[in-house]
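Beneath this line is the structure, given in structure tokens, with notes to follow.
Quick caveat, the model's predicted, so the values are computed rather than measured. Note: hydrogens, waters and symmetry copies are ignored here, and every other heavy atom, side chains too, is used.
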Amino acid sequence: MVRPANIFFKVLTKDGLSLEEDQIRYSLPKGVKDGNWHSFHSEQGCMLYKNPLPFYKQGYLIYVAHFDAADITTTYQEIIWVKRFRLVRQATNLDLKPFGIYRAIAQVI
């Protein structure tokens with residue numbers, strides 16, 4: 001399976017709170033069900049990251065975000081701000097591999 005090149009990530013604390021946006025608690029995906037849509041009425045919106053490596057090293061939770069391109073309000077280097085998005089899954093090994101993140105997996109022999 002090939003991962004899309006335009007994946008952006010939302011970073012959360014271990015308690016499931018946002019690092020930005022006044023510590024908002026987001027609806028997390030459960031199994032195959034995506035999280036709920038979150039809308040922001042501020043001028044800028046919510047921050048999503050292209051490269052999760054610095055946050056992964058700090059032990060934060062990394063989720064894949066889904067949004068429409070029309071909801072992007074601002075872009076700056078590897079960060080975008082969106083007016084509306086939802087979390088679709090916790091980042092997998094395949095999502096993180098392009099950033100040099102290799103997590104150990106259990107092998108059944």
To the nearest 0.5 Å, how far apart are [atom1] in [X] and [atom2] in [Y]?
X     : Y     : atom1 : atom2 : value
Leu87 : His66 : CG    : NE2   : 12.0 Å
Trp81 : Thr74 : CH2   : OG1   : 6.5 Å
Leu28 : Arg89 : CG    : CZ    : 14.5 Å
Leu53 : Glu78 : CG    : CD    : 10.0 Å
Leu19 : Leu61 : CG    : CG    : 9.5 Å
Phe85 : Tyr26 : CZ    : OH    : 4.5 Å

Sub-4.5 Å side-chain heavy-atom contact between [X] and [Y]:
X      : Y     : result
Tyr102 : Lys97 : yes
Phe40  : Ile24 : yes
Phe67  : Ile72 : yes
Leu12  : Leu17 : no

Any sub-3.5 Å donor-acceptor pair from [X]'s side-chain atoms to [Y]'s backbone N or O?
X     : Y     : value
Asp68 : Ala70 : no
Lys14 : Tyr60 : no
Ser27 : Asn36 : yes

Side chain to side chain contact (heavy atoms under 4.5 Å, CB included) filter on Asp34, not counting sequence neighbours, yields Arg86, Val88

Just to verify, what does Ile62 make a side chain to side chain contact (heavy atoms under 4.5 Å, CB included) with, not counting sequence neighbours? Phe9, Val11, Pro52, Phe55, Ala91, Leu96

Heavy atoms of Met47 and Ile79 approach each other most closely as CG-CG2, 3.3 Å

Those residues that, when tested against Asp71, pass salt bridge (Lys or Arg N to Asp or Glu O under 4.0 Å) (two or more places apart): none

Hydrophobic cluster membership, Val64 vs Trp37, 4.5 Å side-chain cutoff: no

Identify whether NZ of Lys or CZ of Arg in Lys10 sits under 6.0 Å from the centre of the six-membered ring of Tyr63 and within 45° of that ring's axis. no

In plain terms, say whether Arg25 and Asp15 are close enough for a salt bridge, that is, a side-chain N and a carboxylate O under 4.0 Å apart.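 Salt bridge absent between Arg25 and Asp15.
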
